[in-house]
Amino acid sequence: MTSLREIKTRLDGIDHAMSRVGMMVDQNSPPISSSIDPDAFSVAMLMIHQTEDSRPEDYAASQSIHKAHHILNDQHYGTTSLASLFAEIEASLEARWESANEGSENSGMTGLDETPRECQLALHSMAKEIIRHDSMDLPGEDLPPTLPPRDVLDHALDNYFSQATSILPIFRKQSFFDNIKRLYEKGPEQTDMAWILGFNNVILQSLNISPPVAPPYSSSGERLHTAQVASPEKELLRSLVVNYRRGLRQTDRLMEPKLVNVQALLSMVGDILVLARIQTF
Amino acid sequence: MTSSSLLGFKLFDVADLFQCTVAQESFHYRIASRLLHQACFVAKSMGLHQQNNISFTQQTPEEAMEYNQTFWVLYIVDKAVSLTIGQHCCLPMYDCDVSSPTNDISNPFHSHFIARVELAAAQEDSYHVLYSSQARRMSDFGRSGGISQLDHKLHIGAHRHESLRDNVRNPNDPRSPCPTLQAYASAALGYHFFLTRLLVHRAVKRASDWRQCCSDARACINMLQRLNSVHPSAGCSIIPLQ
């Protein structure tokens, strides 16, 4: 029974991934982020945080984690093209396995060749690891960075403009707010990469400044390094790293003689420090 | 710098090793350098380094301050990265004509910002006098003269901004709006000051200079340890970009 439940859980995950891939293909556009309900975001973070330490065979916990991840994936950047490809391959193998299984049952054959199943399980293990560290697009993909969720950005601004920018002021507060309003009112299909990277990097810098979401002490009383903080921040960081990587691959779009391009590039220099420290780069 | 020269485990070599390890393994300096070069290129192409000559007539006072501050932040980061890598900077002061940082009364750390700009200028001078391609052919006597002048400049700057650096001794001062950030800003300033002086004095192999280097290296490490006790892992954020 347990194995069937696991299979069902995995199939649900693959089905969801296939739906997203199908949407992407139909729309021919990168994953679109939308503003999130802070309560839903907090619930998702809490669910992941509470169930992270559960045993792998705990069905309810794994369901909870899946649901939380789906909430986040729907409302942040979605999966990368590499992870999507893995999901598509898995689904294809699963369909072939089911088809072969039905055929063998109808003909009364026994001793079905387990090779396709083994391949699928091996691929699933690989995909699970990649999705866990899902911060890579396929080589050659030129997906642009996308607007981060407005609510997350709003939460980050106070920290950033009261602390980070005081020592080395890169952005002017009013100008920053004006452009937030301009870009978010126009909608998610934005091409102003300099400002999008600026927003993304401000969130990264504010994560570097603010205390960790989880209590700063482990259960044994040791003080946690920021990089060891529970996965809620890591989920957000994954999305920010994806955006950063995409911006890094397309810096040729920041060559125009405009102040915002200088500011975006400067903020990216500073973010290398943050990303290296949290070891996600 | 070769690994064999670092095996004597002198204190300032430890600081050097730390810097190398950090530079090579943790901070992706090649990427930082590439981004910085591009930022400087874009800045120069729009005349950000010649704001006194080029007329930005459309600017409001707030926009003018933003342009001014962005240039000086770029100037500071340029010196920090290029000195760590061992290359000449992209924005040499002889080719820039920008007013001093605009006084921003809303920023409680404006004095730290001014101090960092002055320190960046000292870092540029240090590279030009001691580590540039021409400077390597200088005699020890000429180099010693350069070191004395640079040390004097650093001494004057340190005295002028002594109160800013001293705040790191009282990281939990309740009078500060943000004691942790105050400690961080002061520690960053102090760290870069001692590091700059260390780089000045290690250019010649004299016992007196080496003693100074030891003292400065010890001060750098103590400062990072003190900062980490206030804000864990923040010490690494100091190096080298802030």
Side-chain angles (χ1 to χ4, degrees), chain A residues 159 161-176 178 194 197 205 208-212 216-217 222-229 244-245 247-248 251-279 281, chain B residues 22 25-29 31-48 56 62-63 65-67 69-74 76-78 80-81 101 104 106-110 112-113 116 177-178 180-181 184-185 188-189 231-234 236-242:
Chain A
N159 250 352
F161 280 105
S162 65
Q163 299 191 37
T165 196
S166 298
I167 301 174
L168 291 180
I170 297 178
F171 294 104
R172 184 170 63 97
K173 194 172 181 179
Q174 189 56 51
S175 168
F176 204 80
D178 290 344
L197 284 174
Q205 293 278 341
N208 185 41
I209 295 162
S210 60
Y217 293 93
E222 293 177 0
R223 190 149 192 178
L224 287 174
H225 188 279
T226 305
Q228 295 172 295
V229 169
Y244 185 93
R245 284 178 182 269
L248 198 59
T251 51
D252 55 324
R253 293 173 58 186
L254 299 176
M255 293 296 289
E256 279 188 68
K258 296 195 294 186
L259 184 70
V260 66
N261 288 340
V262 177
Q263 292 168 322
L265 288 163
L266 257 180
S267 66
M268 290 179 76
V269 173
D271 280 341
I272 287 177
L273 198 74
V274 175
L275 294 170
R277 184 170 68 82
I278 58 180
Q279 298 175 353
F281 197 61
Chain B
V22 156
E25 296 183 10
S26 302
F27 293 111
H28 304 277
Y29 268 106
I31 299 173
S33 178
R34 176 168 72 84
L35 290 169
L36 189 61
H37 274 75
Q38 184 172 342
C40 292
F41 175 83
V42 174
K44 284 183 187 174
S45 65
M46 61 179 290
L48 201 67
F56 291 97
E62 292 78 19
E63 287 171 347
M65 185 164 75
E66 185 180 11
Y67 274 62
Q69 285 183 340
T70 302
F71 168 79
W72 286 114
V73 171
L74 187 60
I76 290 170
V77 174
D78 176 41
V81 173
D104 183 4
S106 65
N107 183 1
F109 297 99
H110 183 70
H112 287 83
F113 185 45
R116 287 300 309 277
C178 180
T180 302
L181 187 61
Y184 182 96
L189 188 60
H231 186 35
S233 73
C236 287
S237 301
I238 275 187
I239 311 168
L241 300 178
Q242 298 211 6

### Summary
Interatomic distance, CZ@B:Phe113 vs CG@A:Leu168, rounded to 0.5 Å, equals 6.5 Å

### Message
Run A:Glu256 and B:Val42 through side-chain contact (heavy atoms from CB on, under 4.5 Å) and show every step you take.
### Response
CA-CA 7 Å; A:Glu256 279 188 68; B:Val42 174; over 6 Å; no

### Message
Are the side chains of A:Gln263 and B:Glu66 in contact, using a 4.5 Å heavy-atom criterion?
### Response
yes

### Query
Do A:Val262 and B:Met46 have side-chain heavy atoms sitting under 4.5 Å apart?
yes

### Message
Holding to side-chain hydrogen bond (donor to acceptor under 3.5 Å, both in side chains), I want the full list of residues that pass it with A:Gln174, two or more places apart in sequence or in another chain.
### Response
A:Asp178

### Query
chain A heavy atoms under 4.5 Å from B:Phe41: which part of the residue, side chain, backbone, both or neither?
side chain

### Task
In sequence, state the C-alpha distance, the side-chain angles, and the governing distance for B:Glu63 and A:Arg172, and then conclude on side-chain contact (heavy atoms from CB on, under 4.5 Å).
CA-CA 8 Å; B:Glu63 287 171 347; A:Arg172 184 170 63 97; 3.8 Å; yes

### Task
Kindly say whether A:Thr251 contributes a backbone atom to a donor-acceptor pair with the side chain of B:Gln38 at under 3.5 angstrom?
yes

### Message
To the closest 0.5 Å, what do you measure between CG (A:Leu248) and CZ (B:Arg34)?
### Response
5.0 Å

#### Entry: For the student: nearest non-hydrogen atoms of A:Leu266 and B:Thr70, plus distance
CD1-O, 4.1 Å

#### Entry: From CG (A:Asp271) to CG (B:Leu35), nearest 0.5 Å
10.0 Å

